[in-house]
Amino acid sequence: MKRSLIYLLSAGGLLANGAFAQKVTIPVETAHNAVVLQVSDKNDLVQSYFGEKLNATGDYAQITAGRTSDYTGLYRSAYTPSGSRNLLEPAISIQHADGNQSLDLQYVSHKVDKPSADITITSIQLKDPVYNVQVTLFYKAYLKDDVIEQWSVIRHQEKGEITLQKFASANLNLHGKTYWLRQYHGDWAKEMRPEETQITHGIKTLDSKLGTRANLLMPSMFMVSLNKPATEDEGQVMMAALEWSGNFRTDLELDPEDNLRIMSGINNYASAYKLKPNVDFTTPAFVYTFSNTGKGTASRNLHNWARNYKLMDGKGERLTLLNNWESTYFDFNEQKLFELLKDTKALGVDMFLLDDGWFANKYPRNDDHAGLGDWEENRKKLPNGIASIAREADKDGVKFGIWIEPEMVNPKSALYSKHPDWVIKQPKRDEYYFRNQLVLDLSNPAVQDFVFNVVDSLFIKDPKMAYIKWDCNAVIYNAYSAHLKKDQSQLYVDYVKGLYSVLQRIRKKYPSVPMMLCSGGGGRVDYGALQYFTEFWPSDNTDPLERIYMQWEYSYFYPAITSSNHVTDWGKQPLKYRTDVAMMGKLGFDIVVSKLSPQDLQFAKDAVVNYNAVKSVIWHGDQYRLSDPQTDPVASIMYVDTNKSSAVMFNYLVSSRYDAGPRARTTMKGLNPAKKYTVKEINLYPGTQSSVKAEGTYSGDFLMKIGIDPVIESGRSSVILKIDEAR
Ligand code: GLA
């Protein structure tokens with residue numbers, strides 16, 4: 001009796017055949033998938049489907065809510081309001097100008113724009129029938145890449161300000177028998193450690209409250225598999241992330257009817273946000289893709305989308321480089337840099353990247369305790385300034401790039417003495433430092449100008465400045481802004497908005513200079529920032545064995561072209577192994593070139609030449625994972641160009657057990673079965689021969705079904721194969 005009453009209450013206009021009297025059906029489709037929104041007879045917008053699309057768009061109208069014990073009609077809300085009927089985690093929560101905390105959101109209208117043949121933008125207007133508050137939900141669908149970006153815009157016409165207490169970007173519903181979450185955690189030098197678990201009832205929250213360097217302990221990327229953990233080539237899997245470079249929060253709630261609700265957005269922790277009448281509050285985009293054929297497809301979807309639409313210069317070129325961080329740390333002078341420029345040339349890479357330590361005079365930057373914020377050249381180390389290094393680089397025929405960390409300040413700096421009010425710190429509490437430094441208050445327009453000028457002045461000193469490494473080493477402690485006065489709870493949000501505003505100004509004036517997003521390693525890696533950056537620094541940990549695992553996990557979400565990989569002295573592996581791993585992305589070196597043995601130097605030079613021959617396949621091709629280092633003694637990954645005429649396959653021994661390494665051949669993926677290919681080992685160490693038996697030509701069919709033995713064993717712990725269409 002009770003159950004049928006509930007059923008009728010929630011079902012409202014139940015029809016004789018069991019279908020809801022749905023008023024409107026709004027399918028958001030991509031090439032293979034669909035998210036379907038429907039307006040219930042109670043005028044609520046619900047999300048009734050997420051998954052593989054139907055052949056006929058009209059069929060979505062037949063979706064029914066099925067049997068349900070939803071007391072509220074909101075379990076599947078497309079944007080769950082709070083304070084009215086809801087019983088579950090809301091997407092939005094507000095306090096009205098009169099102090100009331102209730103919100104109801106009813107469907108008003110929707111429209112679909114098609115800005116290009118490959119993109120649709122579906123926007124759905126919702127409004128509260130009692131209070132003058134409107135929310136517009138946006139679904140931007142990238143058809144070919146099977147990617148959707150989702151965000152919301154909140155607006156009101158109340159008398160006075162309303163306070164946004166929670167303001168998610170997206171609210172999704174997934175339906176499966178079970179749900180498997182793959183999430184990431186980490187710390188300095190330990191980025192992207194995966195954990196995969198079944199989601200149980202209640203709420204699992206992934207979040208950051210660190211402000212800056214927000215991903216130090218956890219990034220916003222995650223994946224959810226339906227029914228069982230997806231493998232590389234099988235299973236239903238959603239991959240997602242928030243495009244926001246600050247505090248984020250994703251709630252995964254298994255609801256009473258065993259559907260998975262996902263609410264993702266800016267973290268509302270300490271962030272109640274005041275909104276004036278008729279001003280839009282636009283949430284950042286939540287990006288996701290879905291695949292019925294495992295993680296490989298899903299990751300290639302994100303790679304293509306990123307390179308086509310999101311990543312700065314996603315289809316462009318990148319510069320190989322020599323960096324001086326680990327070879328000199330803070331200890332260098334002009335003469336030393338001149339020598340490094342010569343090493344850059346000798347190695348054959350494109351650019352020399354001058355790292356930390358080149359600036360500050362009153363408190364010279366000779367270690368990480370002083371100088372941050374004082375961006376004039378240190379007169380002792382660089383008596384003739386950056387301009388002199390740039391001139392010398394020009395003479396040597398190499399490009400020149402530089403490190404900055406413009407959002408930060410050491411208390412021991414002229415900047416701190418001059419503008420203590422620009423620094424995020426509690427006025428009445430002791431300062432607390434992260435790497436001996438504090439964060440500048442980017443919610444303050446004067447600080448935004450300062451940060452912009454740090455970059456702008458580099459181009460005044462060297463108009464040909466070829467590259468910027470933008471670091472961000474500290475988290476926000478003692479969050480307090482002298483600028484925001486009574487609006488302290490806006491600091492975390494306004495900081496990121498201020499950062500984006502500076503980056504937009506930089507990109508307007510310097511649209512093409514490549515910039516690396518670094519945050520003491522991978523402390524800030526997200527697609528909000530990558531609109532302005534060409535690449536990121538995955539981790540200070542460059543031990544190649546560690547990097548194999550780390551780059552593997554990053555690669556689910558970010559294409560190889562974004563991954564700056566430097567060959568350093570971290571790890572026990574030989575130079576070849578270290579270099580091969582660094583090649584799976586954007587290659588750089590941070591070693592003392594002058595101390596390399598003649599063979600090592602020869603190898604490194606040859607490696608740069610070899611890399612130049614395959615880099616465009618790695619950067620712009622499709623990535624396939626062949627052998628998983630989490631489960632196999634060998635990691636194998638290949639990249640295939642979009643014509644399927646050229647590929648490169650990387651293989652690494654990751655086990656030190658006796659006689660580890662596969663006895664079997666490794667089958668390839670992504671080739672054209674009908675084409676004929678040659679297979680050749682490249683990047684051999686001087687004086688060594690290949691053990692790979694691959695004479696003549698092979699069909700793609702053969703290589704993908706039978707495969708080739710890369711002969712991985714101790715003594716041959718790293719092998720690169722180049723696969724080319726036979727002409
Ligand atoms: C951070 C970066 C390093 C290096 C140092 C310089 O730790 O991740 O690559 O630039 O700062 O201080």
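First listed ligand is number 1; within each ligand, the first listed atom is number 1.
- Summarising the geometry, atom SG belonging to C472 is positioned 8.0 Å from atom CG belonging to L499; distances are rounded to the nearest 0.5 Å.
- No part of S519 comes within 4.0 Å of ligand 1, judged by heavy-atom distances.
- Checked by distance only, ligand 1 and K469 come closer than 3.5 Å through their nitrogen or oxygen atoms.
- Looking at D471 against ligand 1, only its side chain comes within 4.0 Å, counting heavy atoms.
- Looking at R435 against ligand 1, only its side chain comes within 4.0 Å, counting heavy atoms.
- Salt bridge present: D207 and K209 bring a charged side-chain N and a carboxylate O closer than 4.0 Å.
- Between K362 and D374 there is no salt bridge, since none of the side-chain N atoms of the basic residue sits less than 4.0 Å from a carboxylate O of the acidic one.
- Using a 3.5 Å distance cut-off with no hydrogens or angles, the side chains of E191 and S539 do pair a donor with an acceptor.
- Where the criterion is an N or O separation shorter than 3.5 Å, residue side chain and backbone included, D355 meets it with respect to ligand 1.
- Looking at heavy atoms from C-beta onward, L545 lies in side-chain contact with Y577 at the 4.5 angstrom threshold.
- Looking at atom 8 (O) of ligand 1, its nearest protein heavy atom turns out to be D540 OD1, 2.6 Å.
- Using cut-offs of 30° and 60° on the angle between ring planes, the pair W470 and F533 is perpendicular.
- Assignment of N473 to the shell around ligand 1 is supported, since a heavy atom sits closer than 4.0 Å.
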